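Bear in mind the structure is a predicted one, so any value in this text is a computation, not a measurement. Residue numbers count from 1 along this sequence.
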Amino acid sequence: MTRQILRAVTIAAMAFVSGCTTVERVPFTGAQSAAAAIAGAPEVRFWADLPDAAQRMRPDVPAGQPVTMLALSGGADEGAYGAGVLNGWTQSGTRPEFSVVTGVSTGALIAPFAFLGKEGDASIARFYTSVSARDIFHPRFPLAIPGSTSVASTAPLAKLIAREVTPELVARIAEEQAKGRRLFVATANLDAQRSVIWDMGAIAASMLPDKVELFRRVLLASSSIPVVFPPVVIDASSNGAPVRELHADGGTTAGILAIPPQLAVSDAPIGDAARLHVYLLMNSRLGGDFQMVTPRLVPILKRAFALNQQAALLTLAETSYVYAHRHGIDWNLTFIGNDVALSDRLFEKATVQR
């Protein structure tokens with residue numbers, strides 16, 4: 001009897017694994033991927049490595065007026081740092097209205113609210129002080145992991161994004177887009193192994209019937225850490241043929257969207273550099289420090305991902321600083337110091353001290 005029970009359990013487990021979440025996709029080519037666009041709104045995104053990427057990110061600001069750019073980096077749950085900086089910056093009375101806001105990974109979740117200024121501060125605070133791990137992801141059943149796209153489901157995070165990113169918020173972003181301000185978020189296209197920059201204001205201002213859902217999916221994709229969280233399917237079209245793309249954490253390809261590396265490497269001058277003010281808000285440390293890591297999957301993955309991210313962000317910060325210094329751009333940086341104690345748990349609920 002025991003053997004029969006064991007056999008039944010094994011068969012059931014195998015059936016469960018074979019029935020895990022999969023993504024149905026029709027095969028497509030690299031050429032189709034390169035030409036793919038969102039049907040009905042091809043202007044809402046572009047490849048980050050295009051020669052004119054920097055030009056496409058320029059806001060419509062009248063000549064002579066300052067151009068202010070806020071770039072929010074990745075950092076998973078360390079986005080709480082950015083939330084605190086922005087709320088404190090508002091309270092200080094010195095926070096400018098940014099001409100351009102960019103976000104990657106956890107920075108993408110902050111970006112729409114930072115773009116709206118003071119009215120978005122409460123949402124940013126809720127994201128990072130009133131949620132715990134269970135509000136972000138659900139671990140999968142261990143036997144299901146080999147046949148799945150990740151070790152956890154982000155269904156809770158999708159609900160959280162839907163709660164905060166309302167149709168009214170998207171409409172407000174469209175209003176600011178019409179004023180010439182710009183909001184960008186990066187994702188990693190896993191099929192093409194290229195970074196994609198999404199013009200979130202263009203999505204908000206588009207006539208797409210599902211623009212609110214697309215807006216939310218891009219935010220979810222940009223914050224979906226590979227392996228830990230599943231990639232997000234985004235439906236595009238290439239010369240009429242459907243292309244179901246897989247998008248993941250924007251930090252996989254670019255930890256922050258500020259001065260494009262290709263512009264910095266070429267050292268090409270910007271005609272109005274003197275009126276450009278760049279603020280880099282790093283939701284991360286920029287140097288390694290000692291920490292005893294719990295020998296379990298999630299803490300190890302988090303630590304390894306953080307190490308990779310820190311190295312990439314440090315390189316981007318150094319490159320952008322050198323370019324800014326040479327061309328007279330006002331360049332500002334804030335990051336998490338090594339004196340701040342961090343947990344190796346993912347999305348540990350914050351304790352707010354007053």
* Asked: With side chains defined as the heavy atoms from C-beta onward, is the minimum distance between Val101 and Leu72 less than 4.5 Å?
  -> yes
* salt bridge (charged side-chain N to carboxylate O under 4.0 Å, His left out) between Glu168 and Arg172: does it pass, once the steps are laid out? -> CA-CA 6 Å; Glu168 292 76 18; Arg172 279 286 297 113; over 6 Å; no
* Asp249 side chain to Ser105 side chain, donor-acceptor N/O pair below 3.5 angstrom -> yes
* Taking atom CE of Met69 and atom CG of Asn332, what is their separation to the nearest 0.5 Å? -> 13.0 Å
* Asked: Does atom CD of Gln193 have more than 12 heavy-atom neighbours from other groups under 6.0 Å away?
  -> no
* Asked: Below 4.5 Å, heavy atoms only, C-beta onward: do Val278 and Tyr321 meet side chain to side chain?
  -> no
* Asked: Between Arg95 and Asp121, is there a side-chain N and carboxylate O pair less than 4.0 Å apart?
  -> yes
* Asked: Does Glu97 offer a backbone N or O that forms a donor-acceptor pair with the side chain of Thr68 under 3.5 Å?
  -> yes
* Between the side chain of Lys211 and the main-chain N/O of Ser206, is any donor-acceptor distance below 3.5 Å? -> yes
* **Closest contact, heavy atoms only, Ser237 versus Ala39** => CB-CB, 4.2 Å
* Answer whether the closest heavy-atom distance between the side chains of Ile161 and Leu109 falls below 4.5 Å. => yes
* **Any side-chain heavy-atom pair of Val322 and Arg326 under 4.5 Å** => yes
* Cluster check Ile197, Val243: I/L/V/M/F/W/Y, side chain < 4.5 angstrom -> no
* Would you check if the side chain of Asp199 reaches a backbone N or O of Ala202 as a donor-acceptor pair within less than 3.5 Å? => yes
* Asked: Any side-chain heavy-atom pair from Met57 and Arg182 closer than 4.5 angstrom?
  -> no
* Asked: Where do Pro112 and Ala108 come nearest, in terms of heavy atoms and distance?
  -> CD-O, 3.0 Å
* Asked: Do Glu245 and Val233 come close enough that some side-chain heavy atom pair is under 4.5 Å?
  -> no
* **Nearest-0.5 Å distance that lies between atom CZ in Arg275 and atom OG in Ser99** => 8.0 Å
* Examine distances only and state if a side-chain atom of Tyr81 and a backbone atom of Phe335 form a donor-acceptor pair shorter than 3.5 Å. => yes
* Asked: Tell me, do Ile110 and Phe127 make a side-chain contact under 4.5 Å, heavy atoms counted?
  -> no
* Around Asn239, counting heavy atoms of other residues, nucleotides and ligands shown, do more than 12 lie under 6.0 Å from its CG? -> no
* Structure fact -> Interatomic distance, CG@Leu257 vs OG1@Thr102, rounded to 0.5 Å, equals 4.5 Å
* Flag, side chain of Ser223 to backbone of Leu220, donor-acceptor distance under 3.5 Å -> yes
* Considering non-hydrogen atoms only, spot the tightest contact between Arg56 and Phe46 and give its length. => NH1-CB, 3.1 Å
* Asked: Between the main-chain N or O of Gln55 and the side-chain N or O of Asp52, is there a donor-acceptor pair closer than 3.5 Å?
  -> no
* Say whether, by atom type as modelled, one donor and one acceptor occur between the side chain of Thr166 and the main chain of Leu169 under 3.5 angstrom. => yes
* For the pair Ile256 and Leu280, evaluate side-chain contact (heavy atoms from CB on, under 4.5 Å) and give the outcome as yes or no after the intermediate values. => CA-CA 8 Å; Ile256 194 167; Leu280 276 63; 4.0 Å; yes
* To do: Would you name the heavy atoms of Pro230 and Ser224 that are closest together and state the gap between them?
  => O-CB, 3.5 Å
* Does Thr29 reach the main-chain N or O of Gln32 with its side chain, forming a donor-acceptor pair under 3.5 Å? -> yes
* ILVMFWY network linking Ile38 to Phe28, side-chain heavy atoms under 4.5 angstrom -> no
* Asked: Parallel, tilted or perpendicular: which describes the rings of Phe98 and Trp89, with under 30° parallel and over 60° perpendicular?
  -> perpendicular
* Asked: Do you know the tightest heavy-atom contact between Gly250 and Val104?
  -> C-CG1, 3.3 Å
* To do: Determine, stepwise, if the pair Arg194 / Asp49 fulfils salt bridge (charged side-chain N to carboxylate O under 4.0 Å, His left out).
  => CA-CA 8 Å; Arg194 296 171 72 184; Asp49 55 9; 2.8 Å; yes
* Does NZ or CZ of Arg181 come closer than 6.0 Å to the centre of the six-membered ring of Phe115, within 45° of the ring's axis? -> yes
* Structure fact -> Minimal heavy-atom distance between Ser284 and Glu78, with the atoms involved, is CA-OE1, 3.6 Å
* Are Tyr279 and Thr334 close enough, and set up right, to give a side-chain contact (heavy atoms from CB on, under 4.5 Å), and what steps lead you there? -> CA-CA 8 Å; Tyr279 299 87; Thr334 183; over 6 Å; no
* Asked: Can you name the one residue among Asp191, Thr252, Thr187 that meets side-chain hydrogen bond (donor to acceptor under 3.5 Å, both in side chains) with His247?
  -> Thr187
* Trp47-Ser195 side chain donor-acceptor pair, cut-off 3.5 Å -> no
* Output, in order, the C-alpha distance, side-chain angles, deciding distance and verdict of side-chain contact (heavy atoms from CB on, under 4.5 Å) for Gln177 and Leu183. => CA-CA 8 Å; Gln177 174 86 356; Leu183 170 64; 5.8 Å; no
* Side chains of Thr106 and Tyr128: donor-acceptor distance under 3.5 Å anywhere? -> yes
* Given Arg244 and Ile234, is the side-chain contact (heavy atoms from CB on, under 4.5 Å) satisfied, shown in steps? -> CA-CA 6 Å; Arg244 304 203 76 196; Ile234 293 182; over 6 Å; no
* **Min side-chain heavy-atom separation Ser73-Leu281 under 4.5 Å** => no
